[in-house]
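So that the names make sense, note that chain A is the first sequence line, chain B the second, and so on, each numbered from 1.
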Amino acid sequence: MIAGIKDIESEISDVLNEFGIKDNVEIRYSNIENTDIQCNNLVRYSNNPDINDIKDKLGKSLLVHPFIESVEIAQNGFINLNFSNEYLKIFAKNHNSRIISSKKEAILFDYGGPNIGKDLHVGHIRTLNIGRSLYNIFKIAGHDVVSDIHLGDWGMPIGLILAYIEKESIDINSLTYLDLEIIYPKASELSAGNKDFYKEAQEISKKLNSKNEEFLSKWKIIYNLAIPNIKNLLQNLNYEFDLWRGESDVVEEVKRVVADAKEKNLVVEDDGALISTEKVDPPILITKSDGSYLYLTTDLGTVVHREKSQIYDKYIYVVDSRQKNHFEQVFKTVKHFNLSSSSFVHVGFGTVNGPDKKPFKTRDGNVYKLSKLHEDIKEKLKKYNENEEVLNILTNTVLTFSDLLPNRNQNYEFDLEKFTDINGKTGVYIQYAQVRARKLLESNTEIINADVDNEYNPDERKLLVLLSKFDYFYNQSLDNYQPHHLAEYLYSLCQTFNSFYANNKIFSDDVPDNLKLKRIEIVDNFYTLTGLIFNCLGIELVDSM
RNA sequence: GCGUCCGUAGCUCAACUGGAUAGAGCACCUGACUUCGGAUCAGGGGGUUGGGGGUUCGAGUCCCUCCGGACGUGCCA
């Protein structure tokens with residue numbers, strides 16, 4: 001909230017105190033028309049015998065505050081306040097200083113999580129978009145943020161791939177990336193109905209854990225084949241990571257976590273497997289009955305590995321909600337095994353569905369690759385713009401904005417036609433508004449010198465009021481790990497701007513200089529804040545379109 | 001069975017975590033200075049927030065109960 005609002009809160013609090021009322025007074029932005037901010041505390045005292053005196057006193061004392069131009073206390077007790085234009089003008093800008101966190105933390109973001117051998121697909125866009133957005137939002141708040149893609153480059157999937165290569169006598173040296181993406185599904189399918197093959201894969205996986213040189217070198221070949229491809233695609237889609245660590249980096253830590261837990265009697269044997277001594281239902285499985293490790297074990301090792309180089313205050317895992325139980329187990333076990341004293345957060349999200357309400361697949365029922373989705377969006381947008389660079393940013397905008405708009409808690413329906421439409425609540429619309437503002441600022445070539453007053457017409461004032469509310473939406477996104485608040489806000493900003501724009505000419509001969517300047521300042525505020533929000537969401541700006 | 005998330009306009013989604021008359025987009029209908037920046041703008045219809053009960057000055061939001069859906073539930077990741 002705007003600094004200074006606190007003063008108003010305590011003024012109200014003081015008045016209430018005089019009448020013997022102790023209450024935690026809170027001022028909030030209003031969504032009532034023609035009201036900027038409001039206070040609801042008085043409502044529950046509408047039966048107080050002194051209510052009229054309280055209202056009187058409040059009405060007078062609030063009006064002398066320099067921020068406040070008008071005070072209206074409704075019959076039912078809502079206190080409605082409006083900013084003076086002089087201050088509104090200030091509140092509509094300088095947002096950065098308002099959102100810097102007073103307590104700076106080191107935060108690690110774990111998201112992305114692509115697997116070697118499996119292409120990135122539609123199911124990955126939410127972790128990528130939400131992860132990147134939260135990373136940016138926390139960074140802007142002043143935190144020390146680090147992103148780690150957390151590659152799935154170890155364990156059974158790799159065992160399966162290598163077992164398949166063995167079985168089919170494939171020459172690993174002439175393998176291409178395209179072969180790799182065919183091999184994994186086949187191997188996975190084979191393992192489902194073929195126990196011997198599954199066992200073989202398991203053996204290879206175990207050999208890798210004990211650093212068997214032959215398989216380690218084969219693993220390396222596959223790793224080197226897959227990683228450049230993943231990097232290339234993600235770079236195209238404008239996703240960057242500070243760390244490219246994976247499960248293969250934490251093998252030693254996993255072993256040590258298990259050995260330590262054994263030594264400290266934090267695990268017991270059960271059906272040949274090790275489970276945590278923590279009494280929870282279902283029990284937490286630490287190793288399989290053959291002694292090999294699990295997803296959970298690897299995640300424990302990862303925590304230890306991370307803390308070897310830096311201890312973070314907070315770890316944020318952006319992984320789909322189906323894994324909620326898994327992360328609860330991980331976080332509990334981290335504390336139980338005393339592996340870290342930091343805080344751990346799982347940011348879950350629902351699935352991306354197709355028109356059939358089921359996880360989005362291609363028309364023929366196959367996995368919808370992320371690269372294909374990118375191409376398909378691009379194809380739809382081609383008819384509006386042919387510049388390759390603009391087209392690429394617009395494509396990424398659609399891929400990001402559409403995905404961040406719905407609340408992450410729920411599943412949502414990915415509608416290619418709708419999301420690439422030039423009309424509606426789309427990535428294209430927000431880019432267009434931004435470009436318009438930019439063009440206006442660029443047209444402002446001659447420096448106008450004029451005295452600008454603080455009078456605003458309804459369009460101008462509406463935009464300024466909305467601009468002033470940024471910190472509310474920003475904090476909603478930050479506190480709840482939900483970028484959609486900012487995405488929704490961005491859309492309404494653009495809509496309000498477009499309305500302002502249509503009805504308020506600037507570079508027209510009949511517009512006097514002081515009005516030109518006043519409006520240009522508003523446009524400048526809009527453009528600056530929009531840029532900041534684009535940044536929060538991980539969307540690049542196009543120069544023109 | 002147990003657990004988690006969810007059910008809001010014809011469709012897709014919001015709603016300041018308990019605040020005032022539940023908002024947007026799409027679709028549908030009606031308009032806009034000869035387009036300039038129009039990939040835009042203004043307006044209209046459309047709702048018993050799955051049903052019922054409760055708490056409260058005040059409920060889409062909290063509690064109970066039923067109905068309906070998605071997901072998870074010890075050796076995949």
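What separates CZ of A:Phe500 from C1' of B:C41 is a distance of 14 Å, to the nearest Å. Distance A:Gln38 CD to B:G18 C1': 13 Å, rounded to the nearest Å. The interatomic distance linking A:Asn353 (CG) with B:G7 (C1') rounds to 15 Å, in whole Å.
Taking 4.0 Å as the cut-off between side-chain N and carboxylate O, A:Lys361 and A:Asp356 do not count as a salt-bridged pair. With salt bridges taken as basic N to acidic carboxylate O contacts below 4.0 Å, none links A:Glu328 and A:Lys332. A:Asp119 and A:Lys369 are joined by a salt bridge, as a carboxylate oxygen and a charged side-chain nitrogen come within less than 4.0 angstrom of each other. The pair A:Lys462-A:Glu33 fails the salt-bridge criterion, with no side-chain N (NZ, NE, NH1 or NH2) lying under 4.0 Å from an Asp/Glu carboxylate O.
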Got a list of side-chain donor-acceptor pairs under 3.5 Å for residues 413-421 of chain A, not counting sequence neighbours?
residue: A:Glu413; atom: OE1; partner: A:Lys357; partner atom: NZ; Å: 3.4
residue: A:Asp415; atom: OD1; partner: A:Glu417; partner atom: N; Å: 3.2
residue: A:Asp415; atom: OD1; partner: A:Lys418; partner atom: N; Å: 3.1
residue: A:Glu417; atom: OE2; partner: A:Lys380; partner atom: NZ; Å: 2.5
residue: A:Thr420; atom: OG1; partner: A:Leu416; partner atom: O; Å: 2.7
residue: A:Thr420; atom: OG1; partner: A:Glu417; partner atom: O; Å: 3.3
residue: A:Asp421; atom: OD1; partner: A:Asn423; partner atom: N; Å: 3.0

Residues 282-300 of chain A side chain polar contacts: donor-acceptor under 3.5 Å, at least two apart:
residue: A:Thr287; atom: OG1; partner: A:Leu274; partner atom: N; Å: 3.3
residue: A:Asp290; atom: OD1; partner: A:Ser292; partner atom: N; Å: 3.0
residue: A:Asp290; atom: OD1; partner: A:Ser292; partner atom: OG; Å: 2.6
residue: A:Asp290; atom: OD2; partner: A:Ser292; partner atom: OG; Å: 3.4
residue: A:Tyr295; atom: OH; partner: A:Gln323; partner atom: OE1; Å: 2.5
residue: A:Thr297; atom: OG1; partner: A:Ile286; partner atom: O; Å: 2.7
residue: A:Thr297; atom: OG1; partner: A:Leu294; partner atom: N; Å: 2.9
residue: A:Thr297; atom: OG1; partner: A:Leu294; partner atom: O; Å: 3.3
residue: A:Thr298; atom: OG1; partner: A:Leu294; partner atom: O; Å: 2.9
residue: A:Asp299; atom: OD1; partner: A:His150; partner atom: NE2; Å: 3.4
residue: A:Asp299; atom: OD2; partner: A:His326; partner atom: NE2; Å: 2.8

Would you be so kind as to tabulate the donor-acceptor pairs closer than 3.5 Å made by side chains of residues 187-204 of chain A, with sequence neighbours excluded?
residue: A:Ser191; atom: OG; partner: A:Ser188; partner atom: O; Å: 2.8
residue: A:Asn194; atom: OD1; partner: A:Asp196; partner atom: N; Å: 3.2
residue: A:Asn194; atom: OD1; partner: A:Phe197; partner atom: N; Å: 3.0

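Set against B:A39, B:A20, B:U17, the side chain of A:Asn385 has B:A39 as its closest nucleotide. Among the nucleotides B:C41, B:C75, B:C76, the one closest to any side-chain atom of A:Met156 is B:C76.
Listed by residue number, the members of residues 407-416 of chain A with any heavy atom below 4.0 angstrom from RNA chain B are A:Asn407, A:Asn409, A:Gln410, A:Asn411, A:Tyr412, A:Glu413. Using a 4.0 Å cut-off on heavy atoms, the residues of residues 291-306 of chain A that approach RNA chain B are A:Tyr293, A:Leu294, A:Tyr295, listed by number. Near-neighbour residues of RNA chain B inside residues 39-50 of chain A, defined by a heavy atom below 4.0 Å, number-ordered: A:Asn40, A:Val43, A:Arg44.
Within the 4.0 angstrom heavy-atom criterion, no nucleotide atom of any strand lies near A:Glu26. At a threshold of 4.0 angstrom between heavy atoms, the contacts of A:Asn503 are confined to the sugar-phosphate backbone, with no base atom among them. Residue-level contact check: A:His484 touches the backbone only, with heavy atoms under 4.0 Å from sugar-phosphate atoms and none from bases. Looking at heavy-atom distances under 4.0 Å, A:Lys324 makes contact with sugar-phosphate atoms alone, never a base. Counting non-hydrogen atoms under 4.0 angstrom, A:Tyr474 reaches nothing in the nucleic acid. Among the protein residues, A:Leu440 comes within range of the nucleic acid bases, having at least one heavy atom under 4.0 Å from a base atom.
Taking A:Ala74 as the reference, A:Asn76, A:Phe78 meet the side chain to side chain contact (heavy atoms under 4.5 Å, CB included) condition, with sequence neighbours excluded. For the side-chain hydrogen bond (donor to acceptor under 3.5 Å, both in side chains) test, residues two or more places apart in sequence or in another chain that qualify with A:His485 are A:Gln482.
Within the 4.0 Å cut-off from OP1 or OP2 of B:U17, not a single side-chain nitrogen or oxygen of A:His485 is found. For B:A20, the OP1/OP2 oxygens have no side-chain nitrogen or oxygen of A:Ser30 closer than 4.0 Å. At B:U40, none of the side-chain N or O atoms of A:Arg436 fall inside 4.0 Å of OP1 or OP2 (strictly under the cut-off). At least one side-chain nitrogen or oxygen of A:Asn498 sits closer than 4.0 Å to the OP1 or OP2 atom of B:C41.
Shown here, B:U17 is classed syn by the O4'-C1'-N9-C4 or O4'-C1'-N1-C2 angle, which is within 90° of 0.
Residue pairs meeting the salt bridge (Lys or Arg N to Asp or Glu O under 4.0 Å) criterion with at least one partner in residues 478-506 of chain A, sequence neighbours excluded, are A:Lys425-A:Glu488. Residue pairs satisfying the salt bridge (Lys or Arg N to Asp or Glu O under 4.0 Å) criterion with at least one member in residues 401-410 of chain A, sequence neighbours excluded, are listed as follows: A:Arg126-A:Asp403.
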Watson-Crick or G-U pairs under 3.5 Å in RNA chain B, rendered as dot-bracket with [ ] for crossing pairs and | for another strand: (((((((..((((.....[...)))).(((((.......))))).....(((((..]....))))))))))))....
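B:G58 and B:C71 are spaced 40 Å apart, taking the P atom of each and rounding to whole Å. Distance check on atom P: B:G44 versus B:U4 gives 44 Å, rounded to whole Å. When the P atom is used for both B:G25 and B:C41, the distance is 9 Å, rounded to whole Å. Across B:C67 and B:G10, the matching P atoms stand 25 Å from one another, rounded to whole Å. Here the separation of B:G54 from B:U40, taken at their C1' atoms, is 50 Å to the nearest Å. Nucleotides B:U61 and B:G51 have their P atoms positioned 11 Å apart, rounded to a whole Å. The separation of B:U8 from B:G45, taken at their P atoms, amounts to 23 Å, rounded to a whole angstrom. When the C1' atom is compared between B:A9 and B:U49, the two are found 10 Å apart, to the nearest whole Å.
Side chain A:Asn80 to base B:A20: a donor-acceptor pair is found below 3.5 Å.
Panel note: side chain A:Asn385, backbone A:Asn387; a donor-acceptor pair is recorded below 3.5 Å. A:Ser30 places a side-chain N or O within donor-acceptor distance of the main-chain N or O of A:Ile32, the cut-off being under 3.5 Å. Looking only at distances, no side-chain donor or acceptor of A:Ser508 sits under 3.5 Å from a matching main-chain atom of A:Val511. A donor-acceptor pair under 3.5 Å is absent between the side-chain atoms of A:Asn392 and the main chain of A:Glu388, judged by distance alone.
Taking the nucleotide of RNA chain B with the nearest heavy atom to each of A:Thr351 and A:Ser289, the more 5' of the two is matched to A:Thr351. Heavy-atom distances to RNA chain B give each of A:Ile275 and A:Gln476 a nearest nucleotide, and the one nearer the 5′ end belongs to A:Gln476.
Annotation for A:Phe331 and A:His346: closest pair CE1-N, 3.6 Å, computed over non-hydrogen atoms.
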Atom pairs, N/O to N/O, protein against nucleotides 22-25 of chain B, distance under 3.5 Å?
residue: B:G25; atom: OP1; partner: A:Gln495; partner atom: NE2; Å: 2.9
residue: B:G25; atom: O2'; partner: A:Lys425; partner atom: N; Å: 3.1

